[in-house]
There are 2 protein chains.
Amino acid sequence: MADHAPLELERFLPYRLSILSNRVSQAIAREYQDRFDLSMTEWRVMAVLARYDGEGLSASEVAARTEMDKVAVSRALTRLVEARRVSRRAHDGDKRRSVLRLSAAGWKVHDTVAPLARAHERSMLAQLSADEQRALLAILDKLAPV
Amino acid sequence: MADHAPLELERFLPYRLSILSNRVSQAIAREYQDRFDLSMTEWRVMAVLARYDGEGLSASEVAARTEMDKVAVSRALTRLVEARRVSRRAHDGDKRRSVLRLSAAGWKVHDTVAPLARAHERSMLAQLSADEQRALLAILDKLAPV
DNA sequence: CTAAGATAGTTTCATCTGAAACTTGATTCA
DNA sequence: TGAATCAAGTTTCAGATGAAACTATCTTAG
């Protein structure tokens, strides 16, 4: 029994990372879910469409840029289009592709949610020293390069 | 259009954290899922039972120590008990409570998976400098204290 | 050209998840 | 006591998820 070397979950890095990540994401998500009936998946799709506005991304480009699978993106888009937050038309010259854009209503939601998300990010960083903030960015760059 | 200030998802900390956390957790989980038909939930339950061996934890103590909800724990335990990896008996003096322990088979699985998990953790840390490793621990202590 | 293969996106299916309701047993307090 | 409340754990239900199959379209090799 002495030689089992049990894993100490509360010191195990992957576990701690997942706890932290879930807490942070859910704190943000809870707000926009209540206020806008918007899932995290949907929000990420909207954020990418906002960022690459004017390019008329296709669904698979959205999937690539959000690191979500195409099924999740397809379903998020169905809801977003139904809610008139995203417009979808067919691509000239390739009828398989869709051309996606935020609608005016979509932009309105985005312009409320984005500052809210950034505020959460700031309050998270505010708990860290300047050195730790720098280190965190360096760590993320090394472990999960974009 | 210029003043929409879109969120840059790929620089947004909560997003990057969730990408990193998912990648790390899934890399480990994939191994023990294939080899032992063990979900991440089940593994976490086993890890906690291993760590607090001899105390005969109840299901809600397991839930508290894994930060999972009681429904998830209940279901994981059903599977673990069926697979004879965990033994469950009633608590003397409180028939609501269960007393949970890893079985010999459970320990055998634990003793294979724990080193495997630790190896993943080590290879993750190995990508960071000593300073960054220290900083990561400090950051986790501040942002998600145990 | 056209058959074979690749790509975009949706649907299906089986599983996972969490909130709420429920069951059983313990506790409290009048 | 015994009614009301509380705690442990399970079940139910409704939604989320992801792999695989499928449809439609486009590309390429012969």
Side-chain angles (χ1 to χ4, degrees), chain A residues 18-19 21-23 25-27 29-30 32-34 36-45 48-49 52 55-83 86-101, chain B residues 18-19 21-23 25-27 29-30 32-34 37-45 48-49 55-83 86-101:
Chain A
S18 100
I19 297 290
S21 164
N22 288 342
R23 281 192 197 159
S25 289
Q26 287 192 8
R30 197 162 19 247
Y32 55 68
Q33 267 164 20
D34 292 350
F36 298 103
D37 186 27
L38 190 67
S39 73
M40 192 176 71
T41 309
E42 286 159 33
W43 165 245
R44 287 185 177 174
V45 168
V48 164
L49 291 179
Y52 299 97
E55 300 184 27
L57 294 187
S58 69
S60 39
E61 289 167 330
V62 171
R65 282 170 171 72
T66 52
E67 300 225 3
M68 305 192 302
D69 78 67
K70 62 183 183 168
V71 178
V73 171
S74 169
R75 282 191 274 237
L77 282 170
T78 300
R79 283 208 57 195
L80 288 169
V81 169
E82 272 168 11
V86 169
S87 73
R88 169 157 54 184
R89 58 175 194 77
H91 187 280
D92 305 343
D94 187 345
K95 287 174 211 158
R96 292 169 311 176
R97 268 191 162 77
S98 52
V99 176
L100 302 163
R101 284 213 166 73
Chain B
S18 100
I19 296 290
S21 164
N22 288 342
R23 281 189 197 163
S25 289
Q26 287 193 7
R30 196 159 22 244
Y32 56 69
Q33 267 164 19
D34 292 350
D37 185 28
L38 191 67
S39 73
M40 194 175 71
T41 309
E42 286 159 33
W43 165 244
R44 286 184 179 174
V45 169
V48 165
L49 291 180
E55 301 185 27
L57 295 186
S58 70
S60 41
E61 288 166 331
V62 170
R65 283 169 170 72
T66 51
E67 300 225 2
M68 305 192 302
D69 78 67
K70 60 182 183 167
V71 179
V73 170
S74 169
R75 281 190 275 237
L77 282 170
T78 300
R79 282 209 57 196
L80 288 169
V81 170
E82 272 169 9
V86 169
S87 74
R88 169 157 53 185
R89 59 176 194 74
H91 188 279
D92 305 342
D94 189 342
K95 288 177 208 154
R96 293 170 309 176
R97 270 191 161 75
S98 50
V99 177
L100 302 163
R101 283 212 165 75

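Heavy-atom basis, side chains included; hydrogens, waters and symmetry copies ignored. Reminder, nothing fancy here: chain letters follow the sequence lines and each chain counts from 1.
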A:R79 has an atom CZ; how far is it from atom P of C:dT11, in whole Å?
16 Å

Spacing of B:L77 atom CG relative to C:dC16 atom P, expressed in whole Å:
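Going from B:L77 (CG) to C:dC16 (P), I get 15 Å.
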
Can you name the closest pair of heavy atoms from [X] and [Y] and give their distance?
X: B:Q33; Y: B:S39; result: NE2-CA, 3.8 Å
X: B:E61; Y: B:S58; result: OE1-N, 2.8 Å
X: B:Y32; Y: B:L38; result: CD1-O, 3.3 Å

With [X], which residues qualify under salt bridge (charged side-chain N to carboxylate O under 4.0 Å, His left out), at least two apart?
X: B:E67; value: A:R23
X: A:D92; value: A:R89
X: B:R96; value: B:D94

Within residues 59-68 of chain A: residues closer than 4.0 Å to DNA chain D (heavy atoms):
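Within residues 59-68 of chain A, no residue comes under 4.0 Å of DNA chain D.
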
Within residues 87-101 of chain B, find the residues that approach DNA chain D with a heavy atom at under 4.0 Å, and present them sorted by residue number.
B:R88, B:R96, B:R97, B:S98

Any non-hydrogen side-chain atom of [X] less than 4.5 Å from a side-chain atom of [Y]?
X: B:L80; Y: B:R88; answer: no
X: A:E42; Y: A:D37; answer: no
X: B:R65; Y: B:L57; answer: yes

Is it the case that the side chains of B:R44 and A:S18 hold a donor-acceptor pair, with the cut-off being a distance below 3.5 Å and no angle test?
yes

Does a side-chain N or O of B:S74 approach OP1 or OP2 of D:dG9 to a distance below 4.0 Å, or not?
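No, B:S74 has no side-chain N/O under 4.0 Å of OP1/OP2 on D:dG9.
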
A:S58 side chain near C:dT7 phosphate (N/O to OP1/OP2, under 4.0 Å)
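A:S58 to C:dT7 OP1/OP2: no side-chain N or O under 4.0 Å.
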
Any donor-acceptor pair under 3.5 Å from A:T66 side chain to A:A63 backbone
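Pair found, side chain donor or acceptor close to backbone of A:A63.
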
Taking only N/O atoms, report every protein-nucleotides 18-20 of chain C pair under 3.5 Å with atom names and distance.
from   : atom 1 : to    : atom 2 : distance (Å)
C:dG18 : OP2    : B:D69 : OD2    : 2.8
C:dG18 : N7     : B:R75 : NH2    : 2.8
C:dG18 : O6     : B:R75 : NH1    : 3.4
C:dG18 : O6     : B:R75 : NH2    : 3.4

Heavy atoms only, 4.0 Å cut-off, all strands: where does B:T78 land among base, sugar-phosphate and nothing?
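Nothing: the residue B:T78, judged by heavy atoms under 4.0 Å, touches no strand.
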
